[in-house]
Amino acid sequence: MTEQKDRELYHWLRLIREFESRVSALDKQGKLMGGVYSGKGQEAVTVGFCHDLRWDDWIFPLHRDLGAYLVKGADPKRLMAQIFGKRDGFAKGKDSYLHGGDLANGIFGSTSMLGATLPVAAGMAYKFKIRKEDRVAIAFFGEGASSRGDVHEAMNFAGVHKLPVIFVCENNFYAYSTPNELQFGVDNVADRAAGYGFKGEVVNGNDLHNVMKTAGKAIDRARKGDGPTLVECKTYRYHGHSEHDRADYRSEEEVITWESRDPISLWEIYLEKRKYDIAALRKEMTEEVTRIVEEAVAFAEGSPAPAGPEAMEDLYAMPIDTEAR
Amino acid sequence: MLVTYIEAIRQAMDEELARDGNVLLMGEDVGVLGGAFKASAGLQEKHGADRVVDMPISESLIVGAGVGLAVQGMRPILEMQFIDFISCGFDQIVNTAATLRYRHGGQTACPIVVRGPSGGGVHGGLYHSQNPEAWFCHVPGLKVVAPATAYDAKGLLKSAIRDDDPVIYFEHKFLYRRIKEEIPEGELLVPIGKAALRKEGRDLTVITYGAPVHAVMKAARDMSTEVDIEVVDLRTLLPIDWAAVKASARKTGKVLIVHEARLTGGIGGEVAARIAQDCFEELDGPVMRLAARDVHTPFAPAMEDYVLPNQGKITEAIRKLAAY
Ligand SMILES: Cc1ncc(C[n+]2csc(CCOP(=O)(O)OP(=O)(O)O)c2C)c(N)n1
């Protein structure tokens with residue numbers, strides 16, 4: 001990897017971590033409404049899959065994938081405004097967090113219905129295929145969401161037509177409080193790929209090198225018309241399901257074990273081995289990402305809250321009379 | 001005993017699990033966590049993991065499996081973590097559960113309860129604020145209830161669990177901890193299909209249910225020198241207590257229907273049509289409706305407030321009708 005890319009990847013890991021930490025802090029200060037679903041600990045999955053995409057590829061993030069927005073090209077300022085429910089957010093305040101996508105940058109906003117984006121990603125990939133475009137769609141989902149029929153239905157269709165779609169399961173071992181053994185009877189979600197007729201792979205989702213290698217292969221395969229891949233990234237979320245969840249269902253040892261495999265620390269160790277001056281780099285990066293995040297917060301705080309009647313906008317492409325009375 | 005609305009729900013489930021070994025609770029995170037809102041806190045410890053069951057994230061499975069259990073004589077309570085996700089179990093409710101008895105010529109019953117937090121007013125955004133009762137009131141074979149008080153929350157849930165038909169139970173999350181009420185210890189059943197006359201009045205009837213009941217009661221008290229309001233709380237939305245609705249409409253001659261769900265296709269339309277048809281001669285004004293605007297429930301506070309009915313809009317609607 002080139003020196004520039006090493007630094008770039010480090011930048012994204014650090015920016016996501018800083019952005020999310022700031023969001024969590026804002027939530028604690030009571031400055032946000034609605035749920036905050038921290039993906040702290042899962043940054044390598046996001047960076048690994050999104051970094052090498054082209055601008056006209058599409059991603060379908062899940063509720064924890066705030067970082068995917070950043071890496072795929074969303075403006076941090078608008079993303080922060082989105083989280084604040086302000087007018088400059090992607091949803092213009094109509095919904096919060098990651099329900100508003102940034103379609104111009106190929107980022108599809110999700111509904112709350114887990115797994116519901118996978119059929120959409122499959123549909124999009126079908127278009128790429130029939131119009132012979134070498135673009136890919138990447139749909140992220142949790143291991144909990146893998147229990148939904150929509151997930152199965154999307155993979156089945158993708159298998160039938162060998163679609164240029166990559167299904168990325170972020171297996172962080174808990175769906176809210178429910179552990180994997182109460183979610184499915186297989187060892188790996190990726191084992192199911194065989195049942196759909198395509199390749200399944202399991203990777204250490206905290207190791208950016210690993211994720212990038214697997215992502216690269218899957219993306220190549222999709223672009224070449226060789227069909228979908230199901231990649232399961234074993235990773236961990238440090239926070240509770242949402243900021244209100246104390247996550248008492250996990251043991252302290254387990255959390256500590258995973259913290260010792262922190263994706264950012266692992267990347268720093270790699271950078272150190274490559275003889276970068278890690279102390280200097282760390283400092284420089286801290287300044288860089290803090291500045292970006294602070295600017296985003298200032299922008300979001302200054303963005304106007306939408307006024308009541310704006311609720312009626314954007315419902316139909318063609319305005320119709322939707323007045324209640 | 002002073003209990004909150006959500007504690008009343010917990011008590012109802014606890015008591016029914018203890019009373020009848022065939023009762024189960026199934027849903028996402030209902031066990032160790034005790035539910036996302038703590039509606040089932042402590043129940044798994046007390047009644048066992050076989051009877052308070054943490055389920056995979058699949059609402060169609062939860063409902064469908066519930067039907068299978070019900071056909072075997074069990075009485076499952078099926079929790080939707082947020083009622084919005086009931087759409088993911090929609091097919092199993094409307095096509096499997098609701099038709100079960102009918103298409104088997106009465107050979108079996110379907111004693112399931114599907115329950116979960118509904119309603120807005122908490123800046124929950126598009127998918128944590130819905131009031132989808134009308135989807136289900138269009139489906140014969142189902143019963144639909146929506147309690148407004150802790151007493152009814154407990155009494156209706158116990159009745160729903162003991163009912164041999166599928167009951168969709170809409171609990172309102174805005175009320176969970178906001179209302180506290182003295183309710184008697186021990187057995188408490190509220191019959192499904194019976195409305196509650198919350199307040200007698202002479203001038204005008206407000207028919208409502210769920211969270212707006214409280215705002216309507218407040219309006220009735222605040223406006224008592226202006227207009228003498230009668231308040232009917234439907235409690236059950238399928239089947240509706242038509243006798244109570246018509247008696248009140250005939251008595252006051254003016255009816256306003258208030259619900260938090262959207263106007264178009266909402267329950268209010270059905271109620272208004274029946275009153276117009278059956279009580280036309282006794283009416284002194286048009287049957288009016290106040291509901292959410294026909295749009296999704298948005299996140300930002302000013303927009304949410306603009307969309308949902310609130311105290312001010314209720315007062316205004318009452319004045320308008322009273323002036324008729
Ligand atoms: C269909 C559906 N049912 C229930 C929920 C409520 N819910 C939100 S997140 C969540 C857990 C998700 O677990 P997982 O898919 O593993 O993702 P993670 O949160 O662990 O990243 C649940 C049950 C939902 N959003 N959608």
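What you are looking at is a predicted structure, and each value in this text was computed from that prediction instead of being measured. Letters A, B, ... are given to chains in the order of the sequence lines, protein chains preceding strands, and every chain is numbered from 1.
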Between Met312(A) and Arg293(B), is any pair of side-chain heavy atoms under 4.5 Å apart? yes
Note, Glu310(A) side chain near Tyr306(B) side chain (heavy atom, < 4.5 Å): no
Give, for atom OG of Ser96(A) and atom OH of Tyr127(B), the distance between the pair rounded to the nearest 0.5 Å. 11.0 Å
Rounded distance [0.5 Å steps], OG in Ser58(B) versus NE2 in His152(A): 11.5 Å
Minimum heavy-atom separation for Ser147(A) to Pro56(B), with atom names? OG-CB, 3.6 Å
Please report the closest heavy-atom contact between Ala311(A) and Pro298(B), naming both atoms and the distance. CB-CG, 3.9 Å
By a 4.5 Å heavy-atom criterion (distance strictly below it), what part of Leu114(A) contacts chain B: side chain, backbone, both, or neither? side chain
Which atoms form the tightest heavy-atom contact between Phe299(B) and Gly93(A), and what is the distance? CB-O, 3.5 Å
Glu301(A), CD: over 12 other non-hydrogen atoms inside 6.0 angstrom: yes
Under 4.5 Å from any heavy atom of chain A - which part of Gln81(B): side chain
Looking only at heavy atoms, which two atoms of Ala302(B) and Pro306(A) are closest? And how far apart? CB-O, 3.5 Å
Residue, of Gly85(A), Ser177(A), Ser242(A), that accumulates the most heavy atom pairs under 4.5 Å with chain B: Ser177(A)
Restricting to non-hydrogen atoms, name the atom on Ala307(A) and the atom on Met303(B) that form the minimum distance, rounded to 0.1 Å. O-CG, 3.4 Å
Proximal component of Lys92(A), with respect to chain B [non-hydrogen, under 4.5 Å]: backbone
Between Ile57(B) and Tyr176(A), is there a side-chain heavy-atom distance shorter than 4.5 Å? no
Within a strict 4.5 Å, meaning less than it, do heavy atoms of the Arg148(A) and Glu59(B) side chains meet? yes
Please classify the contact between Ala305(A) and chain B as side chain, backbone, both or neither, with a heavy-atom cut-off of under 4.5 Å. neither
Which one, Pro309(A), Gly115(A), Ala175(A), leads in non-hydrogen pairs under 4.5 Å with chain B? Pro309(A)
Find the one option among Thr111(A), Leu182(A), Asp248(A) whose heavy-atom pairs under 4.5 Å with chain B are most numerous. Thr111(A)
Give a yes or no on whether Gln29(A) atom CD has more than 12 heavy-atom contacts from other residues, nucleotides or ligands under 6.0 Å away. yes
How close do Ser112(A) and His128(B) get, counting heavy atoms only, and between which atoms? OG-CE1, 3.0 Å
Yes or no on side chain to side chain contact (heavy atoms under 4.5 Å, CB included) for Lys94(A) and His296(B), after CA distance, side-chain angles and deciding distance? CA-CA 9 Å; Lys94(A) 297 196 186 70; His296(B) 307 287; over 6 Å; no
Expected contact set for residues 82-98 of chain B against chain A at heavy-atom separation under 4.5 Å reads Asp84(B), Phe85(B), Ser87(B), Cys88(B)
Strictly distance-based, threshold 3.5 Å: is any side-chain N or O of Asp29(B) a donor or acceptor partner for the main-chain N or O of Thr178(A)? yes
